[in-house]
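Quick caveat: nothing in here was measured; it's all calculated off a predicted structure. Just so we're on the same page: letters track the sequence lines, and every chain starts at 1.
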2 protein chains.
Amino acid sequence: MTPTSTPLSAPAPSENWLRLDRQICFSLHAASRAFNGVYRVILKELGLTYPQYLVMLVLWEQGELPVKKLGEHLRLDSGTLSPLLKRLETAGLVIRERSARDERSVEIRLTEEGAALRERALQVPRRIVSATGFELEEISELRERLDQLTGALDAAALEEEPGARQG
Amino acid sequence: MTPTSTPLSAPAPSENWLRLDRQICFSLHAASRAFNGVYRVILKELGLTYPQYLVMLVLWEQGELPVKKLGEHLRLDSGTLSPLLKRLETAGLVIRERSARDERSVEIRLTEEGAALRERALQVPRRIVSATGFELEEISELRERLDQLTGALDAAALEEEPGARQG
DNA sequence: CACAATTCAATTGCGCACAACTAAATGGCC
DNA sequence: GGCCATTTAGTTGTGCGCAATTGAATTGTG
C-alpha cells in the first residue's frame, strides 16, 4: 500500500504536519467547491454564476458604482471583473458606462431587468442556509471564524511577499 | 454610505437574509482565496501551484495510484486532472503510464525528483499554520466544521439536482 | 502650458473547475 | 465469438482568479 513512503520507526513531527496540512487543505478546498456547487445549481435558475451573483449582491445593496469600488468590495481586480461585467451586460442585467467626470472610470449600474432579478434572488439565501443544515447562529460563528482567518492570512501574505497589490 | 438603497421603514425579513447571504458568501469566498494566496506565495519556491500541491500530497502519502483513485481522493475529475498531471510530468515530478492489466487506466507515480520534493515540502505546513495565527486546536476545530459543512452541502446538492455525478 | 507620475480599465496568458462529449478498453451476456 | 453497457482518460468549451502589460485619462509639479 505504501511503496515509497515507508514510515521510519520514529516518525518526525514534520511528517505529521504534512498529514495535517493535507487535511486542512482538502477541507477548505472541498468546502469552497461544495458551496460553489450548491450555489451553481440554485443560481442556474437565475442565469447567474456564483461570482456573478456576488457582483449582483453588491449592486443590489450599493446601487451604481465604478468597477474600482466593485473590485474593492469583492477583492477582485479588473482582470476578473472586466469580462464578467461584459457578460452581465450581454445578459441585459447591467450597463457599463464611462464616467463623465472621470473618463478613466467605468460606472456599473443595474438595468431594470437586473434590479428586478433581486426579487427572484430573495429566495436563494433561505435555500442555501437550509442546504448547510446549520443554524443561523452557527453560520454567523463560522463566518466570523473565516473572516478572522482571512485577516490573518492577508497580513501574513504581505510579510511573505512585500510586493503585494490590492489596498 | 448608502447612496441608493434607502431602507424601508419595515424591512422584510428576506431583505436581511439577502444581506446575510452576501456576508457568508463573501467570507467563504474570501477565505478560500486568501488561503490560496498564501499557499501560492509559499509554493512558488517549490514550483507548484496549490492544486498541484494537493496532488503531490496524495501521492506522497499513498504512493502510485491511477487517475481514477486520485480523483476520488481529491474530488476532481479528469477534465481537471489530465492537464494538471501532464504539467507535473513535464516538470519531471511524476510519470504517467497506462496500466498493463487495464489499458483504460493510467497509473501516476512519482519520479525520484518528485519523491525528493517531499523533503522540501515538509516546511510548508508549519509556515501555513503560522500564517493563520491559529492554534492547532482551532485549526482542527475549523476543519471539522468545514467537513461537516461539505457533507451537508453535498447531500443537499443531490436533492437539488438528481443528475449528479461524483461517487 | 509641458512633462512625469499615478490611476483606472482592459487585455493577454496561464492554470484550475466543471459540463459535455469522444474514444478506447473491459466485462457481462447470449 | 459477437454484441452492448460500463468504465476510464482525454478533449473541448466556458468561466473564474490572478499576474503582467498596455493605453488612456488625470493629477502633480515646475
Side-chain angles (χ1 to χ4, degrees), chain A residues 29-30 32-41 43-44 47-55 65-72 74-91 96-108 157 161 163-167, chain B residues 25 29-41 43-44 47-55 65-72 74-91 96-108 157 161 163-167:
Chain A
H29 204 60
S32 175
R33 287 188 293 123
F35 227 80
N36 208 309
V38 172
Y39 271 104
R40 190 193 341 274
V41 173
L43 292 175
K44 193 185 292 179
L48 293 174
T49 66
Y50 183 46
Q52 286 166 10
Y53 175 65
L54 295 180
V55 168
L65 77 178
V67 174
K68 171 78 174 176
K69 289 287 181 192
L70 198 52
E72 284 172 7
L74 296 163
R75 310 179 68 84
L76 290 173
D77 67 5
S78 62
T80 299
L81 286 176
S82 288
L84 187 156
L85 291 169
K86 277 190 183 175
R87 283 187 285 270
L88 285 181
E89 187 177 43
T90 301
R96 292 155 57 245
E97 207 168 26
R98 294 218 93 92
S99 165
R101 77 168 53 240
D102 185 344
E103 290 279 338
R104 294 170 303 179
S105 180
V106 171
E107 293 285 330
I108 307 296
E161 184 191 41
R165 76 231 109 42
Q166 215 163 61
Chain B
C25 278
H29 205 61
S32 174
R33 287 188 293 123
F35 226 78
N36 209 310
V38 172
Y39 272 104
R40 181 180 307 115
V41 173
L43 292 176
K44 192 186 291 178
L48 293 175
T49 66
Y50 183 46
Q52 287 167 10
Y53 174 65
L54 295 180
V55 167
L65 77 179
V67 174
K68 171 75 175 180
K69 289 287 179 190
L70 199 51
E72 284 172 7
L74 295 163
R75 309 180 67 86
L76 291 172
D77 68 5
S78 63
T80 299
L81 286 177
S82 287
L84 187 156
L85 292 170
K86 277 188 183 175
R87 284 186 284 272
L88 285 182
E89 186 177 43
T90 301
R96 292 157 57 244
E97 207 169 28
R98 293 218 95 92
S99 164
R101 78 167 50 242
D102 186 343
E103 289 279 338
R104 294 170 302 181
S105 179
V106 170
E107 294 285 330
I108 308 296
E161 184 192 39
R165 82 228 99 44
Q166 221 166 51

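For the residue pair B:Ser32 and A:Ser32, a side-chain donor N or O sits within less than 3.5 Å of a side-chain acceptor on the partner.
When rounded to the nearest whole Å, the span between CD of B:Gln52 and C1' of C:dC14 equals 11 Å. Rounded to an integer number of Å, the gap from CG of B:Leu81 to P of C:dC18 is 11 Å. Atom-to-atom, CG of B:Leu84 to C1' of D:dG10 comes out at 14 Å; the value is rounded to the nearest Å. Put simply, CG on B:Asp77 is 16 Å from P on D:dT12, counting in whole angstrom units. Between the C1' atom of C:dA17 and the CG atom of B:Leu54 lies a distance of 13 Å, rounded to the nearest Å. Nucleotide D:dA19 holds its P atom 16 Å from the OH atom of B:Tyr50, rounded to whole Å. With rounding to whole Å, B:Lys44 atom NZ is found 11 Å from D:dC18 atom C1'. Remark: P of C:dA10 and CG of A:Leu70 are 11 Å apart, rounded to the nearest angstrom.
OP1 or OP2 of C:dC8 has not a single side-chain nitrogen or oxygen of A:Arg98 nearer than 4.0 Å.
Where B:Asp102 and A:Gly79 meet DNA chain D, the nucleotide closest to each residue was compared, and B:Asp102 sits on the side nearer the 5' end. Both B:Arg101 and B:Pro83 sit near DNA chain C, but only B:Pro83 has its closest nucleotide nearer the 5' end. Mapping A:Val106 and A:Arg40 onto DNA chain C via the closest heavy atom, the residue that lands nearer the 5' end is A:Val106.
Taking the side chain of A:Lys68 as heavy atoms from C-beta on, and the options D:dG10, C:dC8, C:dC18, the nearest nucleotide is C:dC8. Of the candidates D:dT11, C:dC18, C:dA10, C:dC18 carries the atom nearest the A:Arg33 side chain, counting heavy atoms from C-beta on. Nearest to the side chain of B:Glu103, among D:dG10, D:dA25, C:dA25, sits C:dA25. Comparing atom distances between the B:Leu76 side chain and each of C:dA9, D:dG17, C:dC18 picks out C:dC18 as nearest. Set against D:dA25, D:dT11, D:dG17, the side chain of A:Arg104 has D:dA25 as its closest nucleotide.
The base of C:dA10 lies close enough to the side chain of A:Ser78 for a donor and an acceptor atom to sit less than 3.5 Å apart.
Across all strands, A:Thr80 comes closer than 4.0 Å to base atoms (heavy-atom distances). Within the nucleic acid shown, B:Ser105 comes within 4.0 Å of sugar-phosphate atoms alone, with no base atom in reach, counting heavy atoms only. Counting non-hydrogen atoms under 4.0 angstrom, B:Thr49 reaches the backbone sugars and phosphates but no base. In this structure, B:Pro66 reaches the sugar-phosphate backbone alone: every heavy-atom distance under 4.0 Å involves primed, P, OP1 or OP2 atoms, never a base. Among the atoms of the strands shown, none is found under 4.0 Å from any heavy atom of A:Lys69.
Using a 4.5 Å heavy-atom cutoff, the side chains of B:Leu70 and B:Leu85 are in contact. Residues A:Thr80 and A:Pro51 have side chains not in contact (no heavy-atom distance under 4.5 Å, counting atoms from C-beta outward).
Nearest heavy-atom pair across A:Tyr53 and A:Leu43 is CB-CD1, 3.5 Å. Residues B:Glu107 and B:Pro66 come closest through the heavy atom pair OE1-N, 3.7 Å.
In this structure, B:Arg33 contributes its side chain and A:Arg75 its backbone to a donor-acceptor pair below 3.5 Å.
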